[in-house]
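Note sheet for the following structure.
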2 protein chains.
Amino acid sequence: MQYCIPVRLSRVEKQAQTRGRLLEAAGELFAERGVNGASVEQIAERAGYSRGAFYSNFEDKAELVVALLQERTRREHNEVKGLSWERVRAWNRSRARNVTEWLALRTELWLYSLRDGRVRRQLAERERLSRSAHAQGLAEVFRRAGVKPPADIEFLGLIAHALEDGLLIQRAITPDEVRDEVVVDAVELLCRSWIALGDRTK
Amino acid sequence: MQYCIPVRLSRVEKQAQTRGRLLEAAGELFAERGVNGASVEQIAERAGYSRGAFYSNFEDKAELVVALLQERTRREHNEVKGLSWERVRAWNRSRARNVTEWLALRTELWLYSLRDGRVRRQLAERERLSRSAHAQGLAEVFRRAGVKPPADIEFLGLIAHALEDGLLIQRAITPDEVRDEVVVDAVELLCRSWIALGDRTK
DNA sequence: GCACTCAGATACAGGTCTGTATGTGATTTT
DNA sequence: AAAATCACATACAGACCTGTATCTGAGTGC
């Protein structure tokens, strides 16, 4: 019989925990100071370990970046997968609390990816996911409105996704001049105008 | 009488030249390796000087970043000011040759601005410029089409500007999946659909 | 329960970065 | 034309960062 609760973790469990904490800390620090601005020591320290822990879990910082992106992508995919369009939008809104940090991290990773092919491939996967989620959502909107989309639905998804990013960036630069709801407003305007266009072409 | 051509520049002219070359080099290196990844030494070296030249022209790297952004903003403003909508689009297209480098620089500066209020103010000025240029262009399009804009024209300018950035980012991540003309295509689609929506509300 | 293994800590060597202090030669001033 | 100035070069000190090599103590297998 197994009454015991394993307060003491096994070796592999413990390492997984360490790795997870390092990734968490790295995400925070990358958003705060940039990938280049955060040292291995700082990351390990914030996670509550020494540099030794880092180097026994990752080859170097580049590998950490890849792993971080991989983990975030998988997590996002699991959270979103199977949700309806409405729920995905709600999920996006709830995440919007710390949007700037999240956007900063994504942007840092993007810049990093320009200089590292491996990271670029990871990021590409993540972005494809977002685009197609948007495309699916839009498809549902058109179906409900009973209108034929005015262009390739993947293209429209790309536009919606790109627009969200662009608007968040603008809001981060000038928070006073760009309202919080600007993203929602803009996407809704797009939907309405595309439906209007769809009506005509039909 | 002054026949002489000043091959030998005066003190102030020479310093201005040095400053300009340092800014130029900094722009290149920031795009290549990031603001944090480019050292003062590398910047000075690429410009053809030593670190002494740098520190006699700038307090530190932060001041250089501010100056760089200021200079680019002014240059852009001078180039675009007074041009028609069509010519501005042509100018944008011509610049598109080395878009990725240009976008990387802007993104680097954006990230930097998140952590430095002074830079943020500079960047805000630059972005306002771009947004209103777009707004003006769109206004002209609506005027020609004889249609009332479907929303605040500034809002539409913001959308167009944000969308361009977002699309360029997506193209940098997945060059094979996003065509070169995607930006032009997307903006044209927006114009058409907004005109369609405008017709109805009229 | 004893030897083994390995995650993580500690110590160290080599390199790079920044900012300052001082030197120098060309230009400016008087 | 001598003195003063100043843009830029050079040298140096201190901090920090990376990656490796070695150590230790807690799980693991026999």
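Just so we're on the same page: letters track the sequence lines, and every chain starts at 1.
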* To do: Please name the residue in the list Asp180(B), Asp185(B), Asp176(B) that meets the salt bridge (Lys or Arg N to Asp or Glu O under 4.0 Å) test with Arg171(B).
  => Asp180(B)

* To the nearest 0.5 Å, what is the distance between CG (Leu129(B)) and CD (Glu76(B))? -> 7.0 Å

* Can you tell me the distance, in whole Å, between the CD atom of Glu59(A) and the P atom of dT18(D)? => 14 Å

* Given atom CD of Glu41(A) and atom C1' of dT16(C), what is their separation to the nearest angstrom? -> 16 Å

* Asked: Rounded to the Å, how far apart are Lys14(A) NZ and dG27(D) C1'?
  -> 9 Å

* To do: Measure the distance from CG on Leu22(B) to P on dC8(D) and round it to the nearest whole Å.
  => 8 Å

* Asked: Rounding to a whole Å, what distance do you find between Glu13(B):CD and dT28(C):P?
  -> 9 Å

* **Side-chain (Arg115(A)) to main-chain (Glu32(B)) donor-acceptor, under 3.5 angstrom** => yes

* To do: Could you tell me whether the side chain of Arg51(A) has a donor or acceptor atom within less than 3.5 Å of a complementary atom in the base of dT10(C)?
  => no

* To do: Indicate whether OP1 or OP2 belonging to dG27(D) is found under 4.0 Å from a side-chain N or O atom of Ser10(A).
  => no

* Asked: Ser39(B) side chain N/O closer than 4.0 Å to the phosphate oxygens (OP1, OP2) of dC17(C)?
  -> yes

* Asked: Within this structure, what is the CG-to-P distance between Leu64(B) and dG19(C), rounded to whole angstrom?
  -> 12 Å

* Would you say a side-chain N or O of Thr18(A) is under 4.0 Å from OP1 or OP2 of dG8(C)? -> yes

* Assign each of Phe54(B) and Gly52(A) to its nearest nucleotide of DNA chain D by heavy atoms, then name whichever residue's nucleotide is nearer the 5' end. => Phe54(B)

* Side chain of Ser50(A): nearest nucleotide among dT28(D), dA9(C), dT18(C)? -> dA9(C)

* To do: In whole angstrom, give the distance that lies between atom CD of Gln15(B) and atom P of dA26(C).
  => 18 Å

* **Nucleotide nearest Tyr55(B) (side chain, heavy atoms from C-beta), chosen from dA9(D), dG19(C), dA7(C)** => dG19(C)

* Asked: Between Gln42(A) and dC17(D), does any side-chain N or O lie under 4.0 Å from OP1 or OP2?
  -> yes

* Structure fact -> Between CD1 of Ile43(A) and P of dC17(D) the distance, given in whole Å, is 11 Å

* Structure fact -> Result for 5'-nearest mapping on DNA chain C, choosing between Val40(B) and Arg11(A), is Arg11(A)

* To do: Give a yes or no on whether the backbone of Val119(A) and the side-chain of Asp116(A) come within a donor-acceptor separation of less than 3.5 Å.
  => yes

* Asked: Is the distance from OP1 or OP2 of dG8(C) to the nearest side-chain N or O of Asn57(A) less than 4.0 Å?
  -> yes

* To do: Start with the C-alpha distance between His134(A) and Val187(A), add both sets of side-chain angles, then the distance that settles side-chain contact (heavy atoms from CB on, under 4.5 Å), and finish with yes or no.
  => CA-CA 10 Å; His134(A) 274 285; Val187(A) 172; 5.7 Å; no

